[in-house]
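Read the structure below first, then the notes.
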Amino acid sequence: MALQLYDSLRREQVDFEPRDPGKASLYVCGPTVQDKPHVGHGRASVVFDVLRRWLTWSGYEVTHVTNVTDVDDKIILKAQLTGTTPAMVATENLRAFNQASDALGLLPVHVQPMATGHLFEMQDMISRLIDKEMAYERDGNVLFRVRTLEDYGKLSRRDVDDMRGSEDIIGAESKDDPIDFAMWKAAKPGEPSWPSPWGDGRPGWHIECAAMAGKHLGPGFDIHGGGLDLVFPHHENEIAQFEAAEDAPFARYWVHNGMLRMGEDKMSKSIGNVIGIVDAVETWGRGPLRLWYLSAHHRSPLTYDTDRLVEASAAFDRLATLVRTVRTLGVDPVPLDRDDVPAVAAPHVDRFTVAMDDDLNATAAVSVLHDAVTVAHEHVRAAETGDDEARTAAAVLAGMVVTLADDVLGLGLGAAVERDDAVGDRFGALVEHLIGERTAARDDRDFARADAIRDQLAAAGVVVEDRPNGSRWYLSDPAAPVAEDT
RNA sequence: GGCGGGGUAGCCAAGUGGUAAGGCAGGGGACUGCAAAUCCUCUAUCACGGGUUCGAUUCCCGUCCCCGCCUCCA
């Protein structure tokens, strides 16, 4: 059993067979840098980050490209409203986007092409379409002649005869056909523009992805991803332009992520319910946030809701607790080697693999992790009464959980626990001293003093728990607020 | 109106032609000086009505309801 993906174009789940054996190419539509990224962008980022991580785990050499749209109407408008330049708006928000990506623990993409850096490639593609008479110039604009493509609409399953057309750049009456869309837009006063065979202007949105995916990954690359809301017109038009210009298939698989909702409402600036990615990471922590992102199938809608983030935090703590508990046994979790899976871990790894291979069923995969945690805790119980074999099993299972959670799901579980070590290096002696005093008090059955010390430590953010083999401590998570917060 | 996706326990959410994972919350028990953590345990006629079938939550038809896209959007 190997990876299967649901392909939006074929409308069914199909085997993943890459263009080049052993390699996987991934193009994901990135942001238009008009504003700071919000948690909706984060969902798409995380979904495809997990896909990329799973492909890598599965042995593929992955090339991950995510573009940046750094020139468009909204960026220009934003610049006009704030009295700055489109380039400054784009640069500032691109920086915010990359900062948010780091906070989310996204693996850096291999190529981050920008529209303004690919004017030549876009103009070249447009020229070839004009030569083929599949595009035409009108008042400095260039439009794609939709009806010249027999299979236009195959991705979004739209019939050209049912389409109304839009006035994206010039009035419908000025077009040969109202449904033709702009590939090159003639310059308007005060707007950024570049020279072209058709006069100064700037590229249309859809042409950039067609040109850049083609340039960086080549015809027939493997996976094209993006939000479900991009299916039409964006992706439909990408396919149209690319396949018309190149006479070659564009992408082998189309993967789309579902939209994010804010309670009953759609996340929308006008409602004022936009949550920034960096804010969300600071509030909830990377692990809980990503666990929440993965709490629904990637094609299903997902709702941003405080209660659900609290649940995700609790679920994440359950994973972290196992790691901490295992370490109190005097052993460290043993990282999982995918090429040499220990027998105790094998059934879980197999189930995890089946789940992920099944169109990236991360929700089921997470449940496998939870099952493994339960089994590991059973081993911990036995280990605490001196069963060395059980101790080893617990360490192996905990390591498996950490490796899968971090390498594949990107939760940052190991890092969350390492933070305790970092603090321990500086203040550990102090904490240990207090715990020693508390232990002495408990031995004297002076529970009032023992509880006072525990309360004191708790006030400082140090949680003390008594285990059969002694007391342990760890930091309460600052990124796990109470339910009523926010 | 067109296209598409859904309705599974208090909540979130997988999944299967042979009575349904996991998490969170809650009840009970074990453990603990008390906690915490952990383990065990309890809680679902799978929207409604038909049909196919030995048997459907899972397939088909219909009904009701929800959501997304059809204009910019991850």
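Labels below follow one simple rule: chain letters A, B, ... track the order of the sequence lines, proteins then strands, and each chain is numbered from 1.
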Parsed dot-bracket for RNA chain B after applying the Watson-Crick and G-U rules with both distances under 3.5 Å and | for other-strand partners is (((((((..(((.........))).(((((.......)))))....(((((.......))))))))))))....

Give the minimum heavy-atom separation between C209(A) and N67(A), together with the two atoms involved. SG-ND2, 3.7 Å

Same-atom distance (C1') from rU53(B) to rC40(B), integer angstrom: 40 Å

From the candidates rC39(B), rA74(B), rC3(B), the one with an atom nearest any side-chain atom of H377(A) is rC39(B)

Assert: residue with more 5' nearest nucleotide on RNA chain B, out of V366(A) and T374(A), is V366(A)

Pick base, sugar-phosphate or nothing for V463(A), based on heavy-atom distances below 4.0 Å to the nucleic acid. nothing

Kindly give the heavy-atom pair with the smallest separation between R11(A) and L155(A), and that separation in Å. NH2-O, 2.9 Å

Considering every strand and a 4.0 Å limit on heavy-atom distances, what is the contact class for D371(A): base, sugar-phosphate, or nothing? sugar-phosphate

Over all strands shown, is G225(A) touching base, sugar-phosphate only, or nothing at heavy-atom distances under 4.0 angstrom? nothing

Residues pairing under side chain to side chain donor-acceptor pair (under 3.5 Å) where one sits in residues 103-114 of chain A, two or more places apart or in two chains, turn out to be R52(A)-H110(A), N98(A)-Q112(A)

Kindly assign one of parallel, tilted or perpendicular to the pair H224(A) and W254(A), based on the angle between their ring planes and the thresholds 30° and 60°. parallel

Integer-rounded Å distance: rC3(B) P and H256(A) NE2: 19 Å

E378(A), nearest nucleotide to its side chain (from rG33(B), rC39(B), rC12(B)): rC39(B)

At less than 3.5 Å, do the side-chain atoms of T363(A) and the base atoms of rA14(B) form a donor-acceptor pair? no

Identify whether any heavy atom of R454(A) sits under 4.0 Å from a base atom; if not, whether one sits that close to sugar-phosphate; answer base, sugar-phosphate or nothing. base

Would you tell me whether W473(A) and E432(A) have side-chain atoms, one donor and one acceptor, within less than 3.5 Å of each other? yes

For N237(A) and Y152(A), which I'm curious about, is there any donor-acceptor pair between the side chains at under 3.5 Å? yes

Identify whether any heavy atom of H297(A) sits under 4.0 Å from a base atom; if not, whether one sits that close to sugar-phosphate; answer base, sugar-phosphate or nothing. sugar-phosphate

Tell me what R381(A) touches on the nucleic acid: a base, only sugar-phosphate, or nothing, going by heavy atoms under 4.0 Å. base

What does R449(A) touch in the nucleic acid at a heavy-atom separation under 4.0 angstrom: a base, only the sugar-phosphate, or nothing? nothing

Nucleotide nearest T32(A) (side chain, heavy atoms from C-beta), chosen from rA74(B), rC3(B), rC24(B): rA74(B)

What's the NE2-C1' distance between H298(A) and rG6(B), to the nearest Å? 16 Å

Taking the minimum atom-to-atom distance to the side chain of T321(A), which one of rG15(B), rG23(B), rA37(B) wins? rA37(B)

Assign R472(A) to base, sugar-phosphate, or nothing according to its heavy-atom contacts below 4.0 angstrom with the strands shown. sugar-phosphate

N/O donor-acceptor pair, side chain D451(A) with base rG33(B), under 3.5 angstrom: yes

Ranking rA36(B), rC12(B), rC34(B) by distance to the side chain of S295(A), first place goes to rC12(B)

Closest-nucleotide ordering on RNA chain B, the 5'-leading residue of L230(A) and R467(A): R467(A)

F242(A): which residues meet the ring pair (Phe, Tyr, Trp, His ring centres under 6.0 Å) condition with it, sequence neighbours left out? F250(A)

Among rA74(B), rA14(B), rC24(B), find the nucleotide with the atom closest to the side chain of R318(A). rC24(B)

Side chain D159(A) and base rC3(B) donor-acceptor under 3.5 Å: no

Given rA21(B), rA37(B), rA74(B), the nucleotide with the shortest approach to the side chain of S367(A): rA21(B)

Carboxylate-amine/guanidinium proximity below 4.0 Å for R202(A) and D73(A): yes

Ranking rG33(B), rA14(B), rC24(B) by distance to the side chain of A364(A), first place goes to rA14(B)

